[in-house]
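Here the structure comes first, spelled out in structure tokens, and everything after it is commentary.
Letters go in sequence order (proteins before strands), and every chain restarts at 1.
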Protein chains: 2
Amino acid sequence: MPRIRHKQLDCSPGCAVEATLELIDGKWKGVILFHLLQGTLRFNAIRKLLPNVTQRMLTAQLRELEQDGFVLRTVYAEVPPKVEYSLTERGRSLEPVIMALKHWGDAHAYFEKKTASPEVFAAVAE
Amino acid sequence: MPRIRHKQLDCSPGCAVEATLELIDGKWKGVILFHLLQGTLRFNAIRKLLPNVTQRMLTAQLRELEQDGFVLRTVYAEVPPKVEYSLTERGRSLEPVIMALKHWGDAHAYFEKKTASPEVFAAVAE
DNA sequence: CATGACGGTATCATTTCCGATACTATGGGC
DNA sequence: GCCCATAGTATCGGAAATGATACCGTCATG
């Protein structure tokens, strides 16, 4: 479901860059990983953090992250259901990457307001 | 033409991660940036480095990188045409990000062979 | 016995991406 | 006159990613 994995080693030295990119690409994976770096989260907790992701997409992204060995999915046999998502060792190994993305974003990206005052660009600040 | 830019600040703290990701996402941008980190390149030189990218795509990706302020496009009024691509200051500021991606890929990614011997996974080595 | 919480699936429509292919301009060399 | 090189554009179509919406099962509560 994600972008096709590298079928051939078609980009020689830079290939590693693309390979990594493909794994964490996918509209919401970056943010999900970022939030999971801060600790285990339940399904609906993640939903609240990503207000604009549909349930369908969130499930799909989490499943891919799980298949790629980045997150661990723990289901508790309770009612109502309880499912926790946490990072695996491999998932945590992405921390430098995620942090590099975040730092660059904080320092250089800007976000466009689509509503009114088109000249307003807000600097990132948390 | 790239993925839609963030129209709303819809992912709070992790937003910077996604924002950066969107800018360097796009099938070939990562590798292109990686190669340009090593120096200025002409259009066809890049093509040779990315044997599987079509002319159409390469042009598109370079145009986006240009619009995002990462690369500088210099056209020489010669015949046959000569166009050089180099990184801008902003482009070079991505170096830590690209390098983080590359290092992770070198250390953790593996590439699938699509032909035969399905159990063979080659470790990355340049 | 209807409702809500939680964590999903299923199905369909749309948007976006990307590849294949063909075409263009110009001047120099044969 | 024809071909070549360079750096593109234009057009078409298919595949993949994403969004919208509706539905499911179970127990607890009212």
Pairs under 3.5 Å (N/O, protein and nucleotides 10-13 of chain D):
residue : atom : partner : partner atom : Å
D:dT11  : O4   : B:R56   : NE           : 3.1

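Sequence order on DNA chain D of the closest nucleotides to B:K82 and A:P81 puts B:K82 first from the 5' end.
Among residues two or more places apart in sequence or in another chain, the side chain to side chain contact (heavy atoms under 4.5 Å, CB included) test is passed with B:E95 by B:L37, B:M99. Looking at residues two or more places apart in sequence or on another chain, you find no side-chain hydrogen bond (donor to acceptor under 3.5 Å, both in side chains) involving B:T40. Under the rule for a side-chain hydrogen bond (donor to acceptor under 3.5 Å, both in side chains), B:S86 has no partner lying at least two apart in sequence or in another chain. Evaluation of the salt bridge (charged side-chain N to carboxylate O under 4.0 Å, His left out) rule for A:R63 yields no partner, not counting sequence neighbours. Partners of B:E78 under the side chain to side chain contact (heavy atoms under 4.5 Å, CB included) rule, at least two apart in sequence or in another chain, are B:Y76, B:K82.
Rounded to a whole Å, the CE atom of A:M57 is 14 Å from the P atom of C:dT9. Distance B:L50 CG to C:dG19 P: 11 Å, rounded to the nearest Å. In this structure, the CG atom of B:D25 is 13 Å from the C1' atom of C:dC18, given to the nearest Å. Rounding to whole angstrom units, CD of residue B:E64 and C1' of C:dT16 are separated by 11 Å.
Listed candidates were D:dT6, C:dA20, C:dG7. Nearest to the side chain of B:T54 is C:dA20. When each of D:dT9, C:dT9, D:dG19 is scored by its nearest atom to the side-chain atoms of A:K27, the top-ranked nucleotide is D:dG19.
One finds no side-chain N or O of A:N44 lying less than 4.0 angstrom from the OP1 or OP2 phosphate oxygen of C:dA5. Contact annotation: B:W28 does not reach the phosphate of C:dC17 (side-chain N/O to OP1 or OP2, under 4.0 Å). Note on A:R63: a side-chain N or O is less than 4.0 Å away from OP1 or OP2 of C:dG8.
Remark: the backbone N or O of A:L87 is paired with a side-chain donor or acceptor of A:R92 at under 3.5 angstrom. Under the 3.5 Å distance criterion, the side-chain polar atoms of B:T20 are left unmatched by any main-chain donor or acceptor of A:W104.
DNA chain C lies under 4.0 Å from at least one heavy atom of each of the following residues of residues 70-79 of chain B: B:V79.
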Compile the donor-acceptor pairs under 3.5 Å between side chains in residues 43-51 of chain A and protein atoms, sequence neighbours left out, one pair per line.
none

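A salt bridge between B:K102 and B:D106 is present, with a side-chain N of the basic residue lying under 4.0 Å from a carboxylate O of the acidic one.
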